[in-house]
Amino acid sequence: MSGEQHNQNVFPKIGFADPVHGLIKIDGRLRCIIDTKEFQRLRNIKQLGLEHFVYPCANGTRFEHSLGVCYLVQQLLDHLRKEQPHLNITKKDWYSVLIAALLHDVGHGPFSHLYEEAVNGFNSDKSRPYKHEHQSNRILERIFEKDSVKVVFEGIIDDKELTFIKELIDPYKNIFSPGSTWPYKGRTKDKSFLYEIVANSDTGIDLDKVDYIQRDCIYLAMNTGIQWSRCLETIRVYKDDSTNLNRLAFRTKVKTNLNDIINTKRNLHIKAYKHKCLKLLDEMFLKVMYDSSSCLTFGKSKLSLCDAWKDLDTFIEIDDSIFQMILFSDVKELKDSRDLLERIVERDIPKFCGHAEVADKAIKLDFEIYLEHMIKNMYGEQSGPRFYTSIIKLDYGVQCGNPLKKIPFYTKNEEDACHVSDDFTDGNKNKVTILLLFADKHKDSNFFSDMLKKFCEEKGKKYLGSDDCPNIELD
């Protein structure tokens, strides 16, 4: 039975006009989740954080992205049911994976990953980092406590299914490697392929990424030649004898199409996600969030911004509107924060002074200590020039280097004989870490540029210049 036959008369599909996928239709049972305030809040969470201050059109939201991922998952499940009915994708499988797709990002805070970074910087307990996936799973539980949701999914979503959905949203790593033990409780090994659909920690190719890569390109006015529909029609499930797990595999003819996805993601990181101006704005807004946490509270719980995640009633009240809230606040203690936000809005931002290739992000603190020492030696107790630093990391997003080296492929004449391709290489460089430096005042840029050069000479680091944004690419 296909997904379209699930009580169509009672729960007709919901249609949306989407800038990426055109007119999309989603299973009607999901309306009761989409119409909750927890999910609707995603309308006010930007997909790309502060990117709209760099690329003016970058105003896509987590709301539309979540709908897009859900649609792609529905397409794939329909395809597998049609082409391989023996997989026995049940009604519970169907809805659990769709719900995971719909709610995988519902735990994001204001400006998406930036809030995650703020909370972890503010949190003194570094052994338990805050993750939006954990928050999504907390909100998942909250949504399924609602009578309006429980009645729609009665007999479909029970405690075991909630466990399965949580595992899909926040999967374990390296479970598809030979010798790994099966860690999941939601499904047994015969349904292992379901864990590759929403968030694939093994290859990095999943439908979350397929959607946001295409969606972000549209909102960033970047060209994309991605042909996902061609890839989709070749997907099959096969038995991996080395692990005894059922895996998703692609036909060899779409290797170049998958390579386009990987290359587009890599270019997005270089040109947009790790853009020098965005990283600077992130550092400025992180300071705003830290500083405002001591004098601004939210909800009945009166929690600070960086603690708001602890109480879900408070958490669902905060979104990207905190920017305007602080910008136009008349609270005396928020003056420094307001001044920083005014600088962002009025484009009075610090000057880029240079960048250097370094071994790891730990060098950032060493460099800041070095600069503070040099400034103190030169200016004594007087207030010296101020600066911002940031670290960017460029890689393929998975530990194996090029993700295509871990994707199983099959040929036209041997659909059950899958192999991992060996014709994709990592090149000479698949991970790069770059230190960025900015002078708070433009007049101090030459001073800081000289300091970065001197630091690189003393520490044996590669100075990359100060003329433009980082120009490092993976081979």
Side-chain angles (χ1 to χ4, degrees), residues 1-16 24-40 42 63 66-107 133-171 182 184-199 206-208 237 246 248 312:
M1 180 174 64
S2 74
E4 293 184 354
Q5 294 174 307
H6 282 156
N7 299 300
Q8 257 195 346
N9 294 330
V10 180
F11 300 103
K13 285 192 172 184
I14 320 163
F16 301 93
I24 65 176
K25 292 186 177 182
I26 293 175
D27 193 293
R29 278 188 191 271
L30 299 176
R31 181 188 293 274
C32 66
I33 296 176
I34 293 171
D35 289 345
T36 62
K37 60 183 178 182
E38 288 83 0
F39 188 80
Q40 289 291 318
L42 294 181
F63 181 86
S66 298
L67 294 176
V69 178
C70 187
Y71 169 70
L72 291 178
V73 168
Q74 185 175 271
Q75 275 191 319
L76 176 55
L77 292 177
D78 269 336
H79 167 77
L80 293 177
R81 276 180 157 175
K82 177 182 177 182
E83 298 297 325
Q84 296 178 279
H86 65 276
L87 294 174
N88 189 30
I89 298 176
T90 67
K91 188 175 183 180
K92 288 191 173 187
D93 293 335
W94 169 273
Y95 281 112
S96 291
V97 183
L98 285 185
I99 291 167
L102 193 63
L103 297 181
H104 76 284
D105 273 350
V106 76
E133 292 91 348
H134 294 167
Q135 194 75 339
S136 293
N137 284 338
R138 292 179 65 202
I139 296 175
L140 165 70
E141 290 182 343
R142 176 188 173 100
I143 288 174
F144 274 87
E145 290 172 356
K146 298 175 182 288
D147 290 338
S148 59
V149 176
K150 285 194 290 189
V151 69
V152 172
F153 287 98
E154 185 178 3
I156 303 173
I157 303 300
D158 52 22
D159 289 344
K160 181 181 178 182
E161 294 309 304
L162 287 177
T163 296
F164 177 42
I165 296 169
K166 290 176 185 178
E167 292 171 343
L168 293 171
I169 290 174
D170 189 19
W182 186 247
Y184 293 120
K185 298 178 181 179
R187 290 294 184 274
T188 52
K189 285 185 175 183
D190 63 310
K191 294 292 179 73
S192 54
F193 65 93
L194 295 176
Y195 288 94
E196 296 188 271
I197 295 175
V198 178
D206 53 55
L207 297 186
D208 173 29
V237 174
N246 289 328
L248 296 180
L312 291 183

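Hydrogens, waters and symmetry mates play no part in the numbers below; they use all other heavy atoms, side chains included. What you see is a predicted model, and the numbers here were worked out from it, not measured in a lab.
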| message | Under 4.0 Å between a side-chain nitrogen and a carboxylate oxygen: does that hold for R187 and E161? | response | yes
| message | Just so I know, are the side chains of L87 and R81 near enough to count as touching, which here means a heavy-atom distance under 4.5 Å? | response | no
| query | Could you state the interatomic distance from CZ (F39) to CG (D105), rounded to the nearest 0.5 Å? | reply | 9.5 Å
| Do other residues, nucleotides or ligands put more than 12 heavy atoms under 6.0 Å from the CG atom of N88? | yes
| note | One should read off an interatomic distance between I14 CD1 and R31 CZ, to the nearest 0.5 angstrom, of 4.5 Å
| message | When you compare the side chain of V69 with that of D206, does any pair of heavy atoms fall below 4.5 Å? | response | no
| request: Kindly write out the residues that satisfy side-chain hydrogen bond (donor to acceptor under 3.5 Å, both in side chains) with D208, not counting sequence neighbours, or none if the list is empty. | output: H65, H104
| field | C70 SG to L30 CG distance, which is reported to the nearest 0.5 Å | value | 5.0 Å
| Is any side-chain heavy atom of V198 less than 4.5 Å from a side-chain heavy atom of I169? | no
| said: Checking E83 now: which residues fulfil side-chain hydrogen bond (donor to acceptor under 3.5 Å, both in side chains) with it, not counting sequence neighbours? | reply: none
| task | Kindly indicate whether the side chain of W94, heavy atoms from C-beta on, has any atom under 4.5 Å from the side chain of D78. | result | yes
| request: Could you tell me whether K146 atom NZ has more than 12 heavy atoms of other residues or ligands within 6.0 Å of it? | output: yes
| remark: The reported gap from CD1 in I165 to CG in L103 (rounded to nearest 0.5 angstrom) is 7.5 Å
| task | Output yes when D147 and K150 qualify as a salt bridge under the 4.0 Å nitrogen-oxygen rule, no when they do not. | result | yes
| query | Does some side-chain heavy atom of L168 sit less than 4.5 Å from a side-chain heavy atom of I197? | reply | no
| said: Between R29 and L98, is there a side-chain heavy-atom distance shorter than 4.5 Å? | reply: no
| request: Give, for atom OG of S96 and atom CD1 of I157, the distance between the pair rounded to the nearest 0.5 Å. | output: 3.5 Å
| request: Determine whether I33 and V149 make a side-chain contact, defined as any pair of heavy atoms from C-beta on separated by less than 4.5 Å. | output: yes
| request: Return each pair, listed once, that meets ring pair (Phe, Tyr, Trp, His ring centres under 6.0 Å) where at least one residue sits in residues 136-166; pairs must be two or more places apart or across chains. | output: Y95-F153, F144-F153, F164-Y195
| said: How about CZ on R138, more than 12 heavy atoms from neighbouring residues, nucleotides or ligands closer than 6.0 Å, or not? | reply: yes
| Sub-4.5 Å side-chain heavy-atom contact between Y184 and K189 | no
| Inter-residue atom distance K13.NZ - D27.CG, 0.5 Å rounding | 7.0 Å
